[in-house]
Amino acid sequence: MAGESPHGTVLDGGAPDQAALDEAAGDAASGDTPGRTATVTNSATEVESAPGTGTDLEKDTDAKGGDGEPSAADDPSAREDEGRQGRAAELWAKLWATVRRHPAFAVIITTAALLRLVAMIGYQPAMYFNDTFDYLHVAMRPYPHPLRPDGYSFLLIALKPFHSFALVVLVQHLIGLAMGAMIYVLLRRRFRLPGWGAALATVPVLLDGYQIQLEELVLSDTMFTFLVMCAVTLLLWRDRPTWKIAASVGLIIALAWLTRSVGMPVLLGVLAYMLVRRSGWRLIAVTLVACVLPVIAYMGWYKAETGKFAITESNGIFLYSRVYKFADCHKIHDLPVEEYALCTEQVNRLPNSQDGIWNKGSPLNRYTGERFSPENNKLTNDFSKRAILAQPVDYARVVAHDFLKVFRWERTVFPDEATYNQYEFRKASSRPLPEWQMGSGMTAAQEASAYERGNARTRVVEPFAGLIRGYQDHVFLRGTMLAAILAVGLAGMVPLWRRFGGMAFLPWTLGVGLLLAPAATAEFDYRYVLPAVPLAALAAGMTFSLDARAGFGTLARRVRRIGRPDGGTDGGTDGGTESGAVTSDPAAEDVTADVTADESPAQDDGDATPAPAT
């Protein structure tokens, strides 16, 4: 129609010549006109279509659909679904890449997680120990318990709104897996072990049948071990901790101390490590203050409730159970008259040390009032110290006997069948919850039911219970195996003796200390062994670190030099290499080159990747 043309079309009022048409066709073909489309029609008319008009309008219509409705791409819910799918795919890709980089550890931790799942299904909602109900009593009505600190009860209080013992057990299984992950990450990233070597060190923690059963118990040991491992991981992650790390370590040790009294020796071990590593008095002071302040606050709460500035009223009574086995009042001079009741002749002595506390025939029952009273604690503490000073050889003998019992190959029923069975996945349905009066007008069973808001008694579910029971019977860390692990860790410290064994000093001494403390202050118990296992496994893995291997090379050269008739030297330094030292050991040089090529050392400004350990 004359005088009408599409928007953006240029008409010159006449037919262009052939040269102009050819030029326009060439421009359209070559795309020299950005953002527009040039079309030459049969009528020799040049059409330039702006965006949103002409052909673009047709595209918009096609995108919306034939009826002009919005497409899936314009739907917000569709875009959100696509975003979630994209994020899930990205997360899965990262997870799969991590598994491919760490195949051995992925297999081990997946197996460990499945075993824990089987245990949770097989024994619902949880398993209980005698001590469980004291922790639970505090969780139901918080107060400072005279027998043991309340740290674990604080965890039960935090989870109380969910009213689920199964959730408590799940948390414990997760932190059990986290301990294995800490060992692997330290050995792999910090100490440069190969993946299979670092994964192997996690097996005693992740796959031990009795460790899995301990996590299934509503008991403080798993939480305590986890806290100690957190403190060790933070200290080992760098050669020299920052003040923030030092403060964090102090707070973590305080929580461990308030979870189990044996946390106090952990503090001493950490301070000794920082001293031999020359961390500086400021960092040591920060750690000490950060640890002591929460403990003092707890002791203040204890004083407000009981009138005595203390953590518990049980340290003297437990120490009495240790000396009960050998104390001879005929050898103790100037014994106060009020302590004569604690004396027992050899022929009348009960078989186990803990009988001195819990058995009906215990001498403590000769006193009136509560067993764990301030008066009884004071008397037994004084009596025990007098017995140890009067009979140091006998004391050393019973401590050594219980300490060496840790390393036996066979597990024997100890201290009695009733106690030993509580460390086993049992076949039959659980015994009824105890009907002990808890001092609040409720029994232990009633408080457990109130916490759960339902039936809290352990239910055995087959075949899952049978699977984990059979696993525990055959797959566990024997005492002799633990001795071998500690020996490997000690061997790695020998070449670094001038530096007190290097960084392995911390986990190895803490592990041995946690085994020795019960033998020195109370009595051997199987569950007291397990908190030392992650530390021993970590120390053993550190034996194969770059620093330890360089130390072995230096030691070998010294031995060869001593054996030479001319007493010649071939260089090297004693006790391993320090940070930045040059070694002539080819193996150490190869490892150093690999580390340097892998990643550069991290600085103290918060970089997450640590420098190679020295």
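Computed over heavy atoms, backbone and side chain alike; hydrogens, waters and symmetry mates excluded.
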Quiz item: cation-pi between Lys405 and Phe414, 6.0 Å / 45°:
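Yes, Lys405 sits over the ring of Phe414.
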Cation-aromatic face contact Arg141/Tyr143, 6.0 Å, 45 degrees
yes
How far does CE of Met442 sit from CE of Met140, to the nearest 0.5 angstrom?
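One gets 5.5 Å once the value is rounded to the nearest 0.5 Å.
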Using the ring-ring contact (aromatic ring centres under 6.0 Å, His included) rule, collect all pairs that involve residues 335-356, keeping only residues at least two apart or in two chains.
none
Tell me yes or no: between the side chains of [X] and [Y], is some donor less than 3.5 Å from an acceptor?
X: Arg260; Y: Ser220; result: no
X: Glu424; Y: Tyr210; result: yes
X: Asp394; Y: Gln391; result: yes

Using the side-chain hydrogen bond (donor to acceptor under 3.5 Å, both in side chains) criterion, which residues pair with [X]? Sequence neighbours excluded.
X: Thr419; value: Asp416
X: Arg349; value: Gln346
X: Tyr320; value: none

Phe105 vs Tyr184 aromatic rings, parallel, tilted or perpendicular, using cut-offs 30° and 60°?
parallel
Taking atom [atom1] as the centre, does [X] end up with more than 12 heavy-atom neighbours from other residues, nucleotides or ligands that are less than 6.0 angstrom away?
X: Tyr367; atom1: OH; answer: yes
X: Phe129; atom1: CZ; answer: yes
X: Trp196; atom1: CH2; answer: no

Using side chain to side chain contact (heavy atoms under 4.5 Å, CB included) as the criterion, list what pairs up with [X], not counting sequence neighbours.
X: Asn348; value: Thr344, Glu345
X: Lys385; value: Asn381
X: Ser449; value: none
X: Leu271; value: Leu267, Ile284, Thr287, Leu288

Hey, does [Y] have a side-chain heavy atom less than 4.5 Å from the side chain of [X]?
X: Leu530; Y: Val205; value: no
X: Phe318; Y: Asn377; value: no
X: Leu200; Y: Ile108; value: no
X: Arg527; Y: Asp131; value: yes

Would Phe191 and Phe544 count as a close aromatic pair, with their ring centres under 6.0 Å?
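For Phe191 and Phe544, the ring centres are not under 6.0 Å apart.
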So if I apply the side-chain contact (heavy atoms from CB on, under 4.5 Å) rule between Asp150 and each of Val138, Thr259, Thr312, which one comes out positive?
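So, applying the side-chain contact (heavy atoms from CB on, under 4.5 Å) to Asp150 and each of Val138, Thr259, Thr312, only Val138 qualifies.
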Could you tell me which residues satisfy ring pair (Phe, Tyr, Trp, His ring centres under 6.0 Å) with Tyr420, sequence neighbours excluded, listed by chain and number?
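In terms of ring pair (Phe, Tyr, Trp, His ring centres under 6.0 Å), with neighbours along the sequence ignored, Tyr420 is linked to Tyr526.
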Got a sec, which residues hit disulfide bond (SG atoms under 2.5 Å apart) with Cys230, two or more places apart in sequence or on another chain?
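Partners of Cys230 under the disulfide bond (SG atoms under 2.5 Å apart) test: none.
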May I have all residue pairs that pass salt bridge (Lys or Arg N to Asp or Glu O under 4.0 Å) and include part of residues 362-379, sequence neighbours excluded?
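Residue pairs passing salt bridge (Lys or Arg N to Asp or Glu O under 4.0 Å), neighbours aside: none found.
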Any pair counted as side-chain hydrogen bond (donor to acceptor under 3.5 Å, both in side chains), so long as it reaches residues 105-126, sequence neighbours left out
Arg116-Glu215, Tyr123-Arg469
